[in-house]
Amino acid sequence: MLIEQTIRENIAKAVSALYAAEFKAGDVQIQATRKDVEGDLTVVVFPFLPYSKKSPQQTAFELGNFLEQNIDDIASFEVVKGFLNLTISQKYWLGQLTEASRQEQYGCSLAGDGSPLVMIEYSSPNTNKPLHLGHVRNNLLGFSLGEILKANGNRVVKTNIVNDRGIHICKSMYAWQKWGEGKTPETTGTKGDHLVGDFYVLFDKQYKKEIAELMAGGLTAEEAAQQAPSIVAARGLLLKWEARDPETIALWKRMNQWVYDGFDVTYKELGVDFDKIYYESETYLMGKEEVMRGLEAGIFYQKEDGSVWADLSDEGLDHKLLLRSDGTSVYMTQDIGTAKLRFNDFAIDKMVYVVGNEQNYHFQVLSKLLGKLGFEWGRGLHHFSYGMVELPNGKMKSREGTVVDADDLIAGMVDVARKTSEELGKLEGYTEGEALETYKIIAMGALKYFILKVDPKKNMLFNPEESIDFNGNTGPFIQYTYARIRSVLRKATDRGITASMNGETLPLTEKELGLIKTITLFPVAVKEAGEAYSPALIANYVYNLVKEYNQFYHDHSILAEENENIRNFRLILSESVSLIIKRGMGLLGIRVPERM
RNA sequence: GCCUCGGUAGCUCAGUUGGAUAGAGCAACUGCCUUCUAAGCAGUAGGCCAUGCGUUCGAGUCGCAUCCGGGGUACCA
């Protein structure tokens with residue numbers, strides 16, 4: 001048991017014994033003691049003053065005395081103003097350290113058959129263009145969230161809903177038919193998603209040109225946008241698609257497959273995967289059915305033009321369109337269908353949507369609509385809302401060509417990792433294959449950490465030049481420290497030193513104590529990250545640990561140390577730190593190289 | 001207009017359920033490669049935590065108001 005809990009319970013007992021009052025153990029405030037003050041843990045005594053009816057100092061003294069007498073592991077205490085600073089015995093810290101080094105899954109509680117089943121939806125691309133930086137943030141957050149939830153004892157199903165139908169893919173299809181000259185990924189050597197994206201851009205260009213021409217001919221902007229030949233043709237394709245025209249369906253399947261093949265490559269590079277993939281072309285009809293059912297049941301209403309609406313004013317929201325006047329479905333309709341299908345397919349306890357914050361309103365509405373339709377689980381869905389990624393010169397806009405393409409980004413990162421490594425001579429003696437593998441790990445570590453260390457709900461600025469920095473609070477810095485620790489352990493093993501501890505109390509330096517405290521609290525950090533759904537918490541935690549570790553080892557060489565007990569103790573310390581880095585980075589989805 | 005999320009060092013970001021004197025990295029400047037690997041370490045400098053009022057023993061953190069910025073707001077997804 002963590003000593004915090006013991007202290008809490010004893011404080012409650014003390015309040016009862018000394019002041020004849022009830023105080024819940026869980027409400028006792030405990031925090032890490034400031035670095036410049038003697039002690040390890042601090043109890044804030046202000047909340048007890050109403051019961052003790054004494055000065056903060058006096059109260060702290062009385063509680064401190066009680067704790068010192070009743071808890072073996074409290075070595076001493078000191079009172080500063082209203083703060084009771086407790087010094088914990090070295091024996092306790094050493095015990096925690098040994099424990100940490102023994103557990104392969106330190107800090108994690110593994111899921112069993114009866115554990116809650118959480119489904120996470122993330123990525124969710126359109127099939128008309130390649131993945132970009134925004135998707136990268138989404139994918140990394142989604143995957144990382146899954147790892148964190150797993151570490152907190154949940155079973156996790158990662159899912160991806162692919163928006164494979166609609167006007168957008170028809171635009172690409174039309175452009176390919178008209179100007180594609182039979183080009184394929186094979187004949188052009190272009191990645192499939194990029195090829196399809198190129199035709200989407202081509203369509204847009206042509207479309208704009210036509211609009212300009214029509215407007216020069218006297219039409220209004222709106223009329224021109226509706227009447228341009230390209231858009232008319234694309235709409236025609238959509239109608240054909242909905243009528244299941246064989247030729248159109250075949251082309252649709254063919255071009256979507258190109259895109260999927262391209263996505264698979266990017267997903268693999270990012271290190272993300274899915275347990276189950278849904279396609280909107282397979283779920284939107286169920287959404288329609290549900291809406292019609294709701295209409296018949298009087299939950300929704302129909303306007304004169306035939307469009308179907310939900311009145312959410314009783315829930316504090318507005319009216320929401322569910323089916324267009326022409327009977328076609330909207331985004332919301334599809335999401336209703338997808339949600340129902342998922343809950344049919346899996347015994348989901350909790351549904352998490354990793355989707356950008358521009359859709360906050362959408363998910364608020366979705367939750368209420370599902371509730372109205374009688375799906376109680378709908379009210380419990382969780383929208384993991386994250387902020388946008390901005391560039392130094394402003395927002396990303398695909399039409400203006402200011403998007404950062406995911407594949408380009410990854411390739412660029414690997415390139416920088418290669419150059420930097422070569423300059424520093426870090427990977428001498430590696431085979432070409434080993435070196436490339438390491439460049440990739442480092443490059444992706446840099447990218448992933450750069451994105452994940454930021455609080456998900458905030459908008460973030462992505463500066464390509466800064467993201468590839470390997471110094472300071474970065475992924476490679478943490479990976480590098482891990483590699484160094486492994487090196488220490490390797491060399492120690494080579495010399496026949498086995499890490500063991502005889503359990504006797506060793507003299508600990510302040511830095512050692514600080515490190516061990518951090519290690520001890522790792523499970524707490526994992527749990528908090530799970531509750532707050534925050535990869536950033538883990539990232540910052542691991543960074544602080546690594547920084548402390550580096551400082552520590554700068555001052556204390558392990559192998560030069562004569563005393564065997566101390567040497568072994570430090571090996572265990574190394575092992576535990578490396579374990580936490582590995583687990584912590586694992587939770588972020590970042591791999592760490594054994595050596596660099 | 002209404003709803004919602006932000007505003008902390010020149011820049012990018014941390015800051016635990018309100019706790020003690022506000023924390024990193026980058027950029028700038030100064031030192032340190034016989035120890036495990038300098039992708040490192042140590043140090044200097046840099047702050048009206050957007051602004052005002054309030055809540056209380058105590059506010060970067062909670063409440064209200066204002067200013068600035070992002071997003072959303074009935075037939076895009």
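Please read all numbers here as calculations on a predicted model, not as lab measurements. Chain letters run A, B, ... following the sequence lines, proteins first, then strands; residues in each count from 1.
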Across all chains, not counting sequence neighbours, the side chain to side chain contact (heavy atoms under 4.5 Å, CB included) partners of A/Leu424 are A/Thr420, A/Lys426
Those residues at least two apart in sequence (or on a different chain) that pass side chain to side chain donor-acceptor pair (under 3.5 Å) with A/Lys419 are A/Asp415
Per nearest nucleotide of RNA chain B, the residue lying toward the 5' end, A/Gln551 or A/Lys320, is A/Gln551
For RNA chain B, the expected dot-bracket line (Watson-Crick or G-U under 3.5 Å, [ ] crossing, | inter-strand) is (((((((..((((.....[...)))).(((((.......))))).....(((((..]....))))))))))))....
Sorted by chain and number, sequence neighbours left out, side chain to side chain contact (heavy atoms under 4.5 Å, CB included) with A/Asn459 holds for A/Asn357, A/Met388, A/Glu390
Per atom distances to the A/Leu461 side chain, the nearest of B/A39, B/U12, B/A74 is B/U12
Next item on the list: Give one of base, sugar-phosphate or nothing for A/Ile442, where a contact means two heavy atoms less than 4.0 Å apart.
Entry: base
Sorted by chain and number, sequence neighbours left out, salt bridge (Lys or Arg N to Asp or Glu O under 4.0 Å) with A/Glu242 holds for A/Arg165
Residue set satisfying side chain to side chain donor-acceptor pair (under 3.5 Å) with A/Tyr430, at least two apart, ordered chain then number -> none
Tabulate protein N/O versus nucleotide N/O from nucleotides 25-29 of chain B, keeping only pairs under 3.5 Å, one per line.
residue: B/G25; atom: OP1; partner: A/Lys547; partner atom: NZ; Å: 3.0

Hits for salt bridge (Lys or Arg N to Asp or Glu O under 4.0 Å) against A/Arg591, two or more places apart or cross-chain, chain-then-number order -> A/Glu437
Would you list the protein and nucleotides 3-7 of chain B atom pairs, both N or O, that sit under 3.5 Å from each other?
residue: B/G7; atom: OP1; partner: A/Lys458; partner atom: NZ; Å: 3.3

Check: Taking the C1' atom of each, how far is B/C48 from B/A38, in whole Å?
Finding: 40 Å
* Compute the centroid of each ring, for A/Tyr122 and then for A/Phe384, and state whether the two points are separated by less than 6.0 Å. => no
Across all chains, not counting sequence neighbours, the side chain to side chain donor-acceptor pair (under 3.5 Å) partners of A/Trp309 are A/Ser307
Integer angstrom distance from the P of B/U21 to that of B/C26: 28 Å
With sequence neighbours left out, the residues meeting salt bridge (Lys or Arg N to Asp or Glu O under 4.0 Å) with A/Lys440 are A/Glu269
Between A/Asn550 and A/Ser329, the residue closer to the 5' end of RNA chain B by nearest nucleotide is A/Asn550
Side chain to side chain donor-acceptor pair (under 3.5 Å) filter on A/Tyr353, not counting sequence neighbours, yields none
